[in-house]
Protein chains: 2
Amino acid sequence: MPRGRPRQFDLDRALDTALLLFWRHGYEGTSLAALTEAIGINVPSLYAAFGNKEALFEKALARYLQKPAAYLPKALQEPTSRRAVEKLFGGAIQMVMNPHHPDGCLLVQGALASGPSSESIRQQLSRRRAGAEAAVRRRFERAITEGDLPSNVDAAQLARYIVTVLWGLSVQAAGGATRAQLKEVVEWALRCWPESV
Amino acid sequence: MPRGRPRQFDLDRALDTALLLFWRHGYEGTSLAALTEAIGINVPSLYAAFGNKEALFEKALARYLQKPAAYLPKALQEPTSRRAVEKLFGGAIQMVMNPHHPDGCLLVQGALASGPSSESIRQQLSRRRAGAEAAVRRRFERAITEGDLPSNVDAAQLARYIVTVLWGLSVQAAGGATRAQLKEVVEWALRCWPESV
DNA sequence: ATTTTATTGTAGCACCCGCTAAACAAATGT
DNA sequence: ACATTTGTTTAGCGGGTGCTACAATAAAAT
């Protein structure tokens with residue numbers, strides 16, 4: 001057991017609660033008062049545990065990527081690129097429409113546009129989105145070397161198209177689309193899939 | 001000339017300035033102080049002219065739909081649905097990448113997620129997005145009756161797919177994508193276009 | 001010239017923002 | 001028992017938020 005007085009709340013549960021708030025209301029739309037009230041602690045405890053609002057968001061974001069957004073790297077492990085993308089979209093819809101948490105993707109809802117004080121958060125989310133796109137691109141590059149995708153396909157272009165639809169799904173989810181509707185969107189999106197040979 | 005002391009600033013120019021700020025920083029990220037400073041007036045003048053922050057945003061939004069976002073209804077006037085969609089995406093890219101104003105679409109950047117105090121703005125933008133989708137859907141329904149699109153195509157589904165890509169383009173633009181990259185995305189998006197007959 | 005109407009400038013409202021100092025409480029180490 | 005370490009509590013900081021009362025100003029109407 002550590003030295004001093006033991007913490008009276010669970011760090012992970014607190015992070016989960018913070019994640020939900022940031023997810024639903026965005027970085028700017030989530031106040032410290034809302035965070036501390038939802039977690040059930042008071043402000044100094046939050047600061048002692050997480051640093052400040054920005055650091056708390058970053059830790060919540062890391063938690064987001066490890067848990068709800070883990071469907072993405074997992075989907076890319078599918079044996080074929082086509083099945084990877086199908087699983088990617090399937091996982092995205094399942095996450096984005098999960099009634100246990102807000103609709104949409106934190107990488108999009110967190111801070112698309114923001115005031116000057118939240119610029120760094122905005123940029124960080126932008127980088128994370130670029131990271132997701134890069135992961136998809138690398139998967140397609142591998143698919144090309146494996147003959148799974150035609151060699152005349154530009155992996156970067158295809159990846160950018162796929163994640164563009166992905167971010168679009170997040171916007172649609174925020175607008176109240178249903179799961180069935182998003183599935184239809186994905187079906188349309190994949191009709192252009194380049195057949196091998 | 002009206003009765004009292006004449007207004008010392010131009011309403012339309014002020015609205016344009018407000019629009020740019022809301023567009024770049026979102027509704028929540030734009031403070032009254034930033035607005036009045038950018039317009040060059042002080043707060044009571046703004047309130048006398050526009051009501052309050054919410055009303056100002058709504059008027060800026062109306063201006064946005066009439067000017068920068070006018071490409072959408074205009075594109076739908078093209079003789080064929082295919083050319084309408086091509087022009088729609090072309091216009092979107094041109095707007096979303098215009099160096100004279102922020103990257104992205106106000107309907108997406110304005111308030112995707114927000115705090116409780118901006119809920120009504122969020123919902124209003126959501127309704128506007130749904131309105132855009134409905135306009136595209138109606139154009140496709142017309143195309144089906146004209147034989148321009150196969151009758152087995154679901155106009156609502158296709159419209160939802162198209163605007164999903166559209167909102168995705170806005171997110172990509174906010175992430176620093178180039179015009180050429182967005183054009184490639186659109187090219188991929190349209191490979192699935194249902195051929196007539 | 002005076003009254004009327006509308007806009008502008010000054011000043012400040014109540015409230016919320018992110019954040020922190022200082023005292024208190026609960027555990028461990030010696 | 002006592003000091004040390006750490007978390008919690010209370011209280012409040014400076015500054016920003018959206019917004020408004022009030023007086024000064026500039027035009028038209030009489």
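Computed from a prediction, not measured in an experiment: that's the story for all the values here. Below, chains carry the letters A, B, ... as their sequence lines are ordered, and counting in each starts from 1.
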Fill in: B:Glu37 CD to D:dT17 C1', straight-line distance once rounded to whole Å
16 Å
Practice prompt. Whole angstrom is fine here: how far is it from CZ in A:Phe57 over to P in C:dG18?
Written response: 14 Å
Worksheet item: Any side-chain N or O of B:Ser45 less than 4.0 Å from the OP1 or OP2 oxygen of C:dT8?
Response: yes
Discussion item. Measure CD1/B:Ile39 against C1'/C:dT7 and give the value in whole Å, please.
Written reply: 15 Å
Fill in: Separation of D:dT20 C1' from B:Leu46 CG (nearest whole Å)
13 Å
Worksheet item: Does a salt bridge link B:Glu141 with B:Arg137, judged by any charged N lying under 4.0 Å from a carboxylate O?
Response: yes
Fill in: Atom pair NZ/CG of A:Lys59 and A:Asp12 - distance to nearest 0.5 Å
12.0 Å
Item to complete: Please state how far atom CG in B:Asp10 lies from atom P in C:dT8, giving the value in whole angstrom units.
Response: 12 Å
Fill in: Protein-to-nucleotide contact annotation, 5' to 3' order, nucleotides 20-30 of chain C [B base; S sugar-phosphate only; - none; under 4.0 Å, heavy atom]
BB---BBBBS-
Practice prompt. Using whole Å, report how far CD1 of B:Ile41 lies from P of C:dA6.
Written response: 18 Å
Worksheet item: Passes salt bridge (charged side-chain N to carboxylate O under 4.0 Å, His left out), A:Arg82 versus A:Glu86? Steps please.
Response: CA-CA 6 Å; A:Arg82 167 80 195 205; A:Glu86 281 171 359; 2.8 Å; yes
Worksheet entry | Non-hydrogen atoms of B:Glu146 and B:Arg139 that approach each other most closely | OE1-NH1, 4.4 Å
Discussion item. Among C:dT7, D:dG7, C:dC19, which nucleotide has an atom closest to any side-chain atom of A:Arg7?
Written reply: D:dG7
Worksheet item: Do NZ/NE/NH1/NH2 and the carboxylate oxygens of A:Glu187 and A:Lys183 come within less than 4.0 Å?
Response: no
Item to complete: Given side-chain contact (heavy atoms from CB on, under 4.5 Å), test B:Leu166 with B:Leu72 step by step and report yes or no.
Response: CA-CA 11 Å; B:Leu166 198 59; B:Leu72 193 143; 4.2 Å; yes
Practice prompt. Tell me whether the guanidinium CZ or amine NZ of B:Arg7 lies under 6.0 angstrom from the six-membered ring centre of B:Phe9 and within 45° of its axis.
Written response: yes
Discussion item. For a quick test of reading the model: is some side-chain N or O of A:Asn42 closer than 4.0 Å to OP1 or OP2 of D:dT8?
Written reply: no
Worksheet item: What are the residues of residues 13-33 of chain B, sorted by number, that bring a heavy atom to within less than 4.0 Å of DNA chain D?
Response: B:Thr30, B:Ser31, B:Leu32, B:Ala33
Discussion item. Taking ring-ring contact (aromatic ring centres under 6.0 Å, His included) as the cut-off, I'd like each qualifying pair that reaches into residues 40-78 of chain B, sequence neighbours left out, listed once.
Written reply: B:Phe22-B:Phe57, B:Trp23-B:Tyr64, B:Tyr27-B:Phe57
Item to complete: Take A:Glu28 and A:Ser118 through the test side-chain hydrogen bond (donor to acceptor under 3.5 Å, both in side chains) and record every step on the way to the result.
Response: CA-CA 7 Å; A:Glu28 279 184 330; A:Ser118 316; 3.2 Å; yes
